[in-house]
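Note sheet for the following structure.
Bear in mind that the values here come from a model prediction, so they are computed numbers and not experimental data.
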Amino acid sequence: MNFSAQSAGAQTAEAKLQARARALHERAFVVDSHQDTPGNLIKPGFDLARDHGPPEEAKVDFPKLRRGGVDAAFWAVYVGQGPRTPAGYAAIRQEVQAQFDAIHAAIRQHPAELALATTPAEARRIRRSGQRAIFIGMENGYPVGQDLALLQTYYGQGARYLTLCHSSNNDLCDSSTDPKGPEWQGLSPLGEQAVREMNRLGMLVDVSHTSDSTFYDVLRLSRVPVIASHSGSRVLADMARNLTDDMLRDLARHGGVVQLNLFSPYVKTEVKTPARQAVEQAFCTKWGLKTFLNVYALPAADRTQALAEYVAIERQYPVPLATVADAANQIDHLVQVAGIDHVGIGSDFDGGTVLDGLADVGDFPNLTLELVRRGYTARALRKIWSGNLFRVMDAAARGKGNP
């Protein structure tokens with residue numbers, strides 16, 4: 001066979017592989033367990049129907065959701081940390097309510113596109129009707145403060161998981177990245193009550209962002225499996241909020257699921273020049289941060305200026321992005337350690353996520369294609385894209401209200 005014939009054969013094989021991967025992606029029920037899109041919904045004039053391109057930061061809109069074959073997503077009501085005072089709680093609860101209201105308003109405004117889901121069964125019904133299912137999660141237990149009755153309030157508005165903390169310790173638990181170190185050595189006494197109450201409600205306990213001690217306290221207390229809604233392997237990306245292999249195995253033994261975060265520094269350990277390391281250190285010292293990426297957790301009063309400086313550093317001292325292949329390497333490792341029944345996808349799009357080849361939710365088929373290249377079956381893809389998360393959700397619902 002001559003070279004041109006070999007080349008044509010290779011092109012034909014590649015085209016067939018791509019077509020097969022696309023078909024498998026479209027047949028799978030594709031769920032992203034963590035999108036920070038409510039932060040855009042509350043912006044005046046933001047239009048979900050428009051295909052947002054550079055230099056805009058929106059990674060989720062209707063055209064991208066269609067291109068990505070996304071059937072359902074958890075929109076995360078995220079807030080950064082503020083003062084643990086009555087005034088601080090009052091202010092942050094208003095911010096939380098504004099995001100809940102924005103999510104529900106978007107669903108009302110686009111009934112042909114979106115519908116609220118609170119269970120996997122509802123999500124499947126919504127898909128059959130030609131819409132996309134929107135679940136609600138909450139990222140950071142800080143707004144709960146010391147009022148656990150708010151868990152019922154937020155559950156009643158649709159929240160089906162709560163990430164116990166973000167980048168700082170709060171009244172419920174220790175964070176993996178608080179610059180002051182641990183406060184409670186895991187869950188606080190109130191945090192233990194919160195886990196029990198979430199079990200009672202059927203609200204998933206999310207251990208992304210928590211300290212290792214908090215993680216193990218949650219596993220000890222929770223009567224149902226728990227999730228890490230947007231985390232990865234610490235072996236491949238050495239970040240404190242990723243999970244060690246021991247943690248992955250223990251999460252799996254408890255029946256839980258780790259949803260892979262696609263934010264580049266959490267996918268692959270970054271290689272930084274000495275100059276980049278120096279400016280990051282100066283930035284962290286100035287803003288009182290433990291890590292460069294904690295900029296998103298700063299109080300609103302500081303966040304705008306700090307983010308502008310953060311973006312300037314990224315432009316002046318760029319770090320190569322992780323790739324689709326790196327994301328697949330993460331999935332390979334998570335599956336090897338935790339098992340195929342305990343891995344999913346929680347992108348963190350609209351929260352800073354961008355990879356080379358996975359710039360927004362419209363690029364999700366690229367990840368499926370890479371996994372198909374590596375031999376993942378249709379059954380495995382169904383588990384990764386939704387089956388494992390839905391199993392945990394159903395388990396939490398079955399355990400609801402039980403002592």
Side-chain angles (χ1 to χ4, degrees), residues 33-39 41-42 72-82 84 86 88-108 114-120 122-123 133-166 168 170-173 175 187-188 190-210 214 218 221-224 226-230 259 297 300 346 350-351 389 392-393 396-397 399-401:
S33 66
H34 195 89
Q35 295 176 357
D36 282 305
T37 305
L41 298 181
I42 61 175
F74 277 80
W75 281 355
V77 175
Y78 160 74
V79 290
Q81 191 79 9
R84 288 155 60 181
Y89 293 132
I92 207 65
R93 287 165 187 165
Q94 288 184 349
E95 188 176 334
V96 164
Q97 192 58 52
Q99 292 189 48
F100 270 109
D101 292 345
I103 294 170
H104 289 289
I107 293 169
R108 288 194 304 271
L114 305 176
L116 180 69
T118 59
T119 68
E122 288 178 353
I134 299 300
F135 291 96
I136 300 176
M138 288 188 67
E139 185 177 16
N140 198 355
Y142 162 58
V144 173
Q146 298 182 358
D147 185 0
L148 296 187
L150 286 170
L151 293 171
Q152 174 77 69
T153 300
Y154 296 140
Y155 183 87
Q157 295 190 73
R160 287 302 179 266
Y161 73 67
L162 173 69
T163 315
L164 293 176
C165 64
H166 194 249
S168 301
N170 59 30
D171 286 296
L172 303 181
C173 70
S175 167
L187 285 171
S188 71
L190 185 70
E192 293 183 352
Q193 294 179 45
V195 169
R196 295 187 183 99
E197 174 65 2
M198 291 167 71
N199 283 176
R200 186 190 71 80
L201 292 169
M203 180 186 285
L204 291 170
V205 182
D206 178 17
V207 295
S208 287
H209 286 287
T210 67
T214 300
V218 170
L221 279 172
S222 180
R223 293 181 286 97
V224 297
V226 304
I227 67 168
S229 71
H230 55 302
Q259 302 284 113
D350 283 340
L389 178 62
V392 174
M393 292 182 70
K400 178 179 176 180

Would you name the heavy atoms of [X] and [Y] that are closest together and state the gap between them?
{"X": "Asp206", "Y": "Thr210", "answer": "O-CG2, 4.3 Å"}
{"X": "Gln99", "Y": "Pro38", "answer": "OE1-CB, 3.5 Å"}
{"X": "Cys173", "Y": "Leu164", "answer": "SG-CB, 3.7 Å"}
{"X": "Pro143", "Y": "Tyr154", "answer": "CB-OH, 4.1 Å"}
{"X": "Trp75", "Y": "Ala106", "answer": "CZ3-CB, 4.4 Å"}
{"X": "Ile92", "Y": "Gly80", "answer": "CD1-O, 4.0 Å"}

**OP:** Scan side-chain atoms only and decide if Ser222 and Asn199 contain a donor-acceptor pair under the 3.5 Å cut-off.
**Re:** yes
Original post:
Is it the case that Gln157 and Gln97 place a side-chain donor and acceptor less than 3.5 Å from each other?
Top reply: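 Judged by distance alone, the side chains do pair up.
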Original post:
So Ile42 and Glu95, side chain to side chain contact (heavy atoms under 4.5 Å, CB included) or not? Walk me through it.
Top reply: CA-CA 10 Å; Ile42 61 175; Glu95 188 176 334; 5.7 Å; no
Within the structure provided, determine whether [X] and [Y] are in side-chain contact (heavy-atom separation under 4.5 Å).
{"X": "Arg223", "Y": "Arg196", "answer": "no"}
{"X": "Gln193", "Y": "Glu197", "answer": "no"}
{"X": "Phe100", "Y": "Val77", "answer": "yes"}
{"X": "Ser229", "Y": "Tyr161", "answer": "yes"}
{"X": "Ile103", "Y": "Arg108", "answer": "no"}
{"X": "Glu122", "Y": "Leu116", "answer": "no"}
{"X": "Phe74", "Y": "His34", "answer": "no"}
{"X": "Val392", "Y": "Leu204", "answer": "yes"}

Roughly how far, to the nearest 0.5 Å, is the [atom2] atom of [Y] from the [atom1] atom of [X]?
{"X": "Tyr78", "Y": "Thr37", "atom1": "OH", "atom2": "OG1", "result": "14.5 Å"}
{"X": "Asn170", "Y": "Gln146", "atom1": "CG", "atom2": "CD", "result": "10.5 Å"}
{"X": "Leu162", "Y": "Asn140", "atom1": "CG", "atom2": "CG", "result": "8.0 Å"}
{"X": "Asp36", "Y": "Leu41", "atom1": "CG", "atom2": "CG", "result": "11.0 Å"}
{"X": "Ile107", "Y": "Leu114", "atom1": "CD1", "atom2": "CG", "result": "6.0 Å"}
{"X": "Leu221", "Y": "Met198", "atom1": "CG", "atom2": "CE", "result": "12.0 Å"}

**OP:** Just say parallel, tilted or perpendicular for the rings of His209 and His166, cut-offs at 30° and 60°.
**Re:** tilted
Original post:
Can you say whether the rings of Tyr142 and Tyr89 are parallel (under 30°), tilted (30 to 60°) or perpendicular (over 60°)?
Top reply: tilted
**OP:** Return yes if some donor-acceptor pair links the side-chain N/O of Arg160 with the main-chain N/O of Ile136 below 3.5 Å, else return no.
**Re:**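 No: the side chain of Arg160 does not pair with the backbone of Ile136.
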Original post:
Is a side-chain N or O of Ser188 found less than 3.5 angstrom from the main chain of Leu190, in a donor-acceptor match?
Top reply: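 Yes; judged by distance alone, with no hydrogens or angles, the pair exists.
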Original post:
Can you check side-chain hydrogen bond (donor to acceptor under 3.5 Å, both in side chains) on Ser168 and Gln81, steps first, answer last?
Top reply: CA-CA 7 Å; Ser168 301; Gln81 191 79 9; 5.0 Å; no
**OP:** Report the C-alpha separation of Ile227 and Leu389 in whole Å, then their side-chain angles, then the decisive distance to 0.1 Å, and conclude whether the side chain to side chain contact (heavy atoms under 4.5 Å, CB included) test is met.
**Re:** CA-CA 8 Å; Ile227 67 168; Leu389 178 62; 4.1 Å; yes
**OP:** Give the intermediate values and the outcome of side chain to side chain contact (heavy atoms under 4.5 Å, CB included) for residues Met203 and Lys400.
**Re:** CA-CA 8 Å; Met203 180 186 285; Lys400 178 179 176 180; over 6 Å; no
